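Keep in mind that this is a model prediction, so the values were computed, not measured. To find a chain, count down the sequence lines: A is the first, B the second, and so on, and within it residues start at 1.
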Amino acid sequence: MNLSKTYTPSDHETKIYELWENNHTFTPKNRGSKKSFSIVIPPPNANGNLHIGHGLGFAVEDIAVRYHRMKGEASLLLPGADHAGFETWVVYEKHLAAQGKSRFDFTREELYSQIWDFVAQNKDNYETQFRQLGASVDWTRYTYTLDKKIVKQAYSSFKKMWDDGLIYRAQKLVNFCTYHGTGFADIEVSHKESKGHLWHIRYPLSDGSGEVVVATTRPETMLGDVAVAVHPKDKRYATFVGKTVRLPLSNRDIPIIADDFVDMKFGTGAVKITPAHDQNDYDMSERHDLPRISIIGHDGLITHEAPEEFIGLDVVSAREKVVNVLIAQNLLERREEIVHNVGHCYKCGTVIEPLLREQWFIDTTPLAKEAIKTLKTNEISFHPTVKKKQLITYLEGLRDWNISRQIAWGIPIPAFQSSQDASKWIFDERVTKESITVDGVVYHRDPDVFDTWFSSSSWPYATLDYPDGKDFATFYPVSVMETGADILYPWVSRMIMLGLYNTGAIPFETVYLHGLIQDEHGQKMSKSKGNVVNPIDKVLKFGSDAFRMGIISGESAGNNRPYDESKVVGARNFCNKLWNIARFVQEKIEDDLASSEPNPISDADHWLLSKLQHTTEVVTKDLDNMRLSEAYDTLYHFVWDDFASWYLEASKISPNLSILKFSLSSILKLCHPFAPFITEAIWQELAWSDELLIISPWPTIPDASKPKAKKFEDLTYIITEIRQLSKAMNLSKPNIIHQSATIEDNADLITNLARTGSIALTDQGRGLKLTSAKQHVWLDIPDEVLTSYSKKLVERQQEQIKLIANFEARLSNKSYVDHAPQKIVDDTKQSLSDAKAVLETLEDELKRLS
RNA sequence: GGGCGAUUAGCUCAGCUGGCUAGAGCACCUCGUUUACACCGAGGGGGUCGGGGGUUCGAGUCCCUCAUCGCCCACCA
């Protein structure tokens, strides 16, 4: 074996990943075992590069899967890629624009196939990045969201809902982006506070007996007004209800109606009603049976429904012109500045227009009801728990889901419209045909595609070959759904609804939501701000293991967190520590290939074994509960502080090869889920190891002698105190005298670790007595030297006095002694007597000095 | 307008069901070439856990309230 001084990740990572892959270690084994563990990866956009959120997500997922794999469970991490309908569409449109073209230059089929190729070009890139991050995904089960089985599932979900009457087609208001030319679900609209105006416009009564002043933020929509509404109890307008006003500009007579919805306190208390361009007004039109006049088209321009002079204007120009005409006719009473919420397209920022359009909708009421019921019975656990409550609240207020999208890139909706009766639609999967003939009637294909979230709602079981696949039987429900907290509503909620609806079972047992990684200043990362941290850059710079440990360090479910490179650096250093620990152990063991069971002899051996046992228990429990950061922290300190700083140092005096071997092996196993590459790289170098670390069993640690472990523990306190005192008094190799067999037995150890001079037994103590352990140990120093330390002694004396007062007060409180658990009271008594002993020692020394 | 979260060392954060004489990493200070590691070793300084009130023998941890910051949802024209 020949390990270099520092660990160089790039020398190993590619080779190690190939080693795992070539040995098919990612494909689940032990299918017959009682337990299985599965995670299906939230498929990243096949077209894009992985971002830091994926880096975090994969780290969490891969740690969990590697742990369960080592526990001997059939473990699956299923990789995938998302065609990401709208997201990719946006990218491709930019790509077209760069070539001076647009979507209007091609047919839908042409676009679809062009984008297919465009995405395929990036596939290699994408898979390379998965490998660089060390994700132990089973490539044989790689699934693309446009794979046949996923499309098939989308169609069968659609058909089932159609048959169950949950799918309906209706002309309703749709959130429409006029730039991208497509509608969105409510949840995809991004609301932003914007400055605007509230315009007060005079609407004269048709009979000339007066006027009603309405207040609106969108004067141009008055071209589509069909009524004016007031509150039924509003005395100001009581006599107006039932009359009509002559709508300015359009010169139509429209009724004044009464409706509870109107807020008397807002504006003038009179609202103009434009059902085709406002959700509230639409709802009111349903209640009062009002017509709907669309005056803004899907192109964002004023339609022919409007008066001649406005036709073809965009919304902004139309607004300006309407206002000018109103001013000219003296119909504008005043203008008020206000701040209100306006919906925007989350991609391009265009103001979303609510427009009338025929779309496919899912009646979500029964689906949400089932989901809420399931959530309330705690069948699915959440990290963090608070998200479940939020999800229930969201589902309780859910509106029907518009699943039609007017883009070319996506799964075509398998529905055809009758050429004879526009209201008649049939389900048919022959979507590659523009029209089909059924029973002599010609039907035309719906040109729209599904909302991507609709097909991805079935991801947990469609990937596992629902309903008949072996994987479905073994791995469903998925053990952990790990994803970003930001897609709780659009994705997680729908997977639960659709999973229950389609399979009759929960889609996953646990939801783990990670927060957003922000830049180092807590700002959201975005390309436009130029503050994006590329995970692959960090992998190349610090190593894959360092990146993943750095990124999960401090991770707590659901919390957003700034990227902290110092954690990655710390993790890189930790990797190097592991490397050098291995070098040291290998050097001691040399070619001793005899495999031997751990055979603890010295106090240090017992101490190390008991620490290792405790660490293993804690780490196992934390991993079971997805407390990854805590597990990592525990391991880090065990490896660095207990094993390297104490045990290895002690081993320099008298090495126990069996314990060195056993503990290094155990450490590599425990660290493997967190740092897969370096642990495997070391494992492959070890003379005594066999097989592959990735599939070796999770460690079990034998019991050690508690009293012996305690003896070493005391030694660590004594050594630390000697170091402290030496430093404080600037001593070089102080001599030690004592009356302790433990010290006698471990004199060499103390000499080396505490850098002391001679160590000798004594009848009579002198110098400075140590206070950290029960053994009688003195630093053999003259009183003159001790005097220099007296100030510190007084400080320590004061501390002890305070402590003692504290403990005594507690123990003299009868309520405390009566109510607190016995163990707590005993501990306090122990602490008190310890503190008193320390104080006594300190006071003796001070007395002598004075 | 509703809902949720956060506020602990200079920075980023742990602290799960109340027992803490409050922790970690980084940063900072001092010393150190002891043959695994300077991506290191040893030692050290630094916090009245946002303010106020309450429950309790005991509160960073539970409750109320205020303040500040953040996120999400919502149809105030």
Could you go over nucleotides 32-34 of chain B and give all protein N or O partners under 3.5 Å, atom names and distances?
none

Dump the pairs, protein N or O against N or O of nucleotides 60-63 of chain B, anything under 3.5 Å, distances to one decimal.
none

Please list, pair by pair, any protein nitrogen or oxygen found under 3.5 Å from a nitrogen or oxygen in nucleotides 69-72 of chain B.
none

Not counting sequence neighbours, which residues clear side chain to side chain donor-acceptor pair (under 3.5 Å) with A:K577? List them please. none

Reported CD1-to-CG distance for the pair A:I552 and A:L56, which is rounded to 0.5 angstrom: 9.0 Å

In dot-bracket form, 5' to 3', how is RNA chain B paired? Count Watson-Crick and G-U wobble pairs only if both distances fall under 3.5 Å, and write | where the partner sits on another strand. (((((((..((((.....[...)))).(((((.......))))).....(((((..]....))))))))))))....

For A:D834, check salt bridge (charged side-chain N to carboxylate O under 4.0 Å, His left out) against everything at least two apart and list the hits. A:K774

OP1 or OP2 of B:rA14 less than 4.0 angstrom from a side-chain nitrogen or oxygen of A:S556, does that happen here? yes

ring-ring contact (aromatic ring centres under 6.0 Å, His included) partners for A:Y489, two or more places apart: A:Y394

Of the nucleotides B:rC37, B:rU12, B:rC57, which one has an atom closest to the side chain of A:H819? B:rC57

Mind listing the residues from residues 798-812 of chain A sitting with a heavy atom below 4.0 Å of RNA chain B? Number order is fine. A:L803, A:F807, A:R810

Under the side-chain contact (heavy atoms from CB on, under 4.5 Å) test, residues paired with A:P562 that sit two or more places apart: A:Q518

Under-3.5 Å donor-acceptor pair between A:R583 side chain and B:rC37 base: no

Looking only at side-chain N and O atoms, does A:H340 come under 4.0 Å of OP1 or OP2 in B:rC76? no

Does A:D225 have any side-chain contact (heavy atoms from CB on, under 4.5 Å) partners at least two apart in sequence or in another chain, and if so, which? A:Y203, A:M222, A:L247, A:I254, A:K272, A:T274

Only counting residues at least two apart or in another chain, list the ones meeting side-chain contact (heavy atoms from CB on, under 4.5 Å) with A:T6. A:N576

Is the ring centre of A:H277 less than 6.0 Å from the ring centre of A:Y282? no

Contact class for A:N559 vs. all strands (heavy atom < 4.0 Å): base, sugar-phosphate, or nothing? sugar-phosphate

Set out, line by line, the N/O atom pairs under 3.5 Å between protein and nucleotides 41-49 of chain B.
residue, atom, partner, partner atom, Å
B:rG41, OP1, A:K577, NZ, 2.9
B:rG41, OP1, A:W640, NE1, 2.4
B:rG44, OP1, A:Q724, NE2, 2.7

